[in-house]
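Proteins come first, then strands; the chains are lettered A, B, ... in the order of their sequence lines, and each starts at number 1. Only heavy atoms go into these numbers, but all of them, side chains included; no hydrogens, no water, no symmetry mates.
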Protein chains: 2
Amino acid sequence: MTVKIDTRSKILKTALKLFQLHGYHATGLNEIIKESGAPKGSIYYYFPNGKEELALKALDLSTKIIKTRIQQELSAFIDPVKAFQFHITEIANFINHPENLDDIPMSLLSLEAAFTMESLRKACAATFEARKKIYVEKLIQSGFKIDKAEELGMIIQLMIEGAITLSLTQKDNLPLLTVVKQIPMLLKS
Amino acid sequence: MTVKIDTRSKILKTALKLFQLHGYHATGLNEIIKESGAPKGSIYYYFPNGKEELALKALDLSTKIIKTRIQQELSAFIDPVKAFQFHITEIANFINHPENLDDIPMSLLSLEAAFTMESLRKACAATFEARKKIYVEKLIQSGFKIDKAEELGMIIQLMIEGAITLSLTQKDNLPLLTVVKQIPMLLKS
DNA sequence: TAATATATAGACCAGTTGCTATAATATTAT
DNA sequence: ATAATATTATAGCAACTGGTCTATATATTA
């Protein structure tokens, strides 16, 4: 009984990691099997609609994990400047150990889905939305007006995504650290 | 003679578009053939090292096209605020017609390459660098100190990449327009 | 022990990249 | 001008891998 769930969740965790890091099309089901140690036949037992369902469910998992993590990091400081700086610095610290980047990178999967996998695209959009909401809430708690908080939350989110992309491409976390530096200016207004 | 080059460049242009929009792994050679109308055998005649060489050469092409385009858009206004706003607005205008987005989106290809295709990853890093340089030059011309220009150039670049990712995922150019709105604040310092 | 539910291995076909044998075209020699 | 040769270009096949599904094994319950 416990073992069943274990197989399912091993598949899920491995799939999530590979989809986010290597991409949806680059990761074969066989790779997921091999790396997770799960039996081949189990994929279609637990996810009867195949690879795309697996991606969808993996994304669900990610949304939950990430929510907790972001909320924790942002609540480490009441001052929003310090809180966001802490959050982004934490991401920066793991750029050179991406296997521990724990569900942070979303851009690859969502761009792959954007034109070719509508249901996955929508799920990605929802995940982005959920993350932004956490940022916005922190900003509102810190006294920003709703409209301004919405705007800044979106800017912070897109800076983070862009900086992750650049940092991973260049194998150098300078882009993320530059964002950290920019936060005080951004939240001064 | 002219026809030869035509086949080669048709392949290249189609490949570039599909790689950037659908991704490297999602686009098959057959798809490139079909959409470009080029003969099947020609791919390995013009690009003997296969798909990855094709991606590399397509990226070269992109770097040239894009350089001209960005420089043109940025020189439309002397005021850097207006210039960058114009540049980003132009991108935003094409979010709903991505086939005309002309080599702008880089994130997908570079994230696919980041962990699995080292030479392509380096090429993407170089392309990002080349683009940033154009931004930085504009800022220097506008009177920013070199260090500050480097920093702001990077921020602008990563905001654009992040905003494209979000805009494409949400099929809505609000993220890009929010960046436009943010530019005056950013360049005030 | 039979019947049902759960889980899995391995076969299958479609589609992939890469290549080779051939065709078309240009170039040179007679 | 024609034949022989070299160059350029292309069609289509081979080898392989991918996702999918089915037939079988294992466990659970009646």
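- With rounding to whole Å, Ile43(A) atom CD1 is found 17 Å from dT22(D) atom P.
- A straight line from CD1 of Ile33(A) to P of dG18(D) spans 12 Å, rounded to a whole angstrom.
- As rounded to whole Å, 19 Å separates atom P of dC21(D) from atom OH of Tyr46(A).
- Among the atoms of the strands shown, only primed sugar atoms or phosphate atoms (P, OP1, OP2) are found under 4.0 Å from some heavy atom of Lys51(B).
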Handout entry: Criterion side chain to side chain contact (heavy atoms under 4.5 Å, CB included) on Leu174(B) and Ser167(B), from CA distance to verdict
Key = CA-CA 7 Å; Leu174(B) 179 62; Ser167(B) 291; over 6 Å; no

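- At a threshold of 4.0 Å, the pair Lys17(A)-Glu35(A) counts as salt-bridged, since one of the basic side-chain nitrogens sits closer than that to a carboxylate oxygen.
- Atom CZ in Phe19(B) sits roughly 8 Å away from atom P in dT17(C) (whole-Å rounding).
- Following rounding to the nearest Å, Leu18(A) (CG) and dG18(D) (P) show an atom-to-atom distance of 13 Å.
- Taking the six-membered ring for Trp and thresholds of 30 and 60 degrees, Tyr24(B) and Phe19(B) have ring planes inclined between 30 and 60 degrees apart.
- At dG19(D), none of the side-chain N or O atoms of Asn30(A) fall inside 4.0 Å of OP1 or OP2 (strictly under the cut-off).
- Ring pair His22(A)/Phe115(B) is tilted by interplanar angle, where 30° to 60° counts as tilted.
- For the pair Lys10(B) NZ and dT10(D) P, the interatomic distance rounds to 9 Å; values are reported in whole Å.
- Minimum atom distance to the side chain of Tyr44(B) is reached by dC19(C), of the listed dT10(D), dC19(C), dT8(C).
- When each of dT8(C), dC13(D), dT10(D) is scored by its nearest atom to the side-chain atoms of Lys40(B), the top-ranked nucleotide is dC13(D).
- The separation between Ile32(A) atom CD1 and dG18(D) atom P is 11 Å, rounded to whole Å.
- His25(B) has its NE2 atom 10 Å from the P atom of dT17(C), to the nearest Å.
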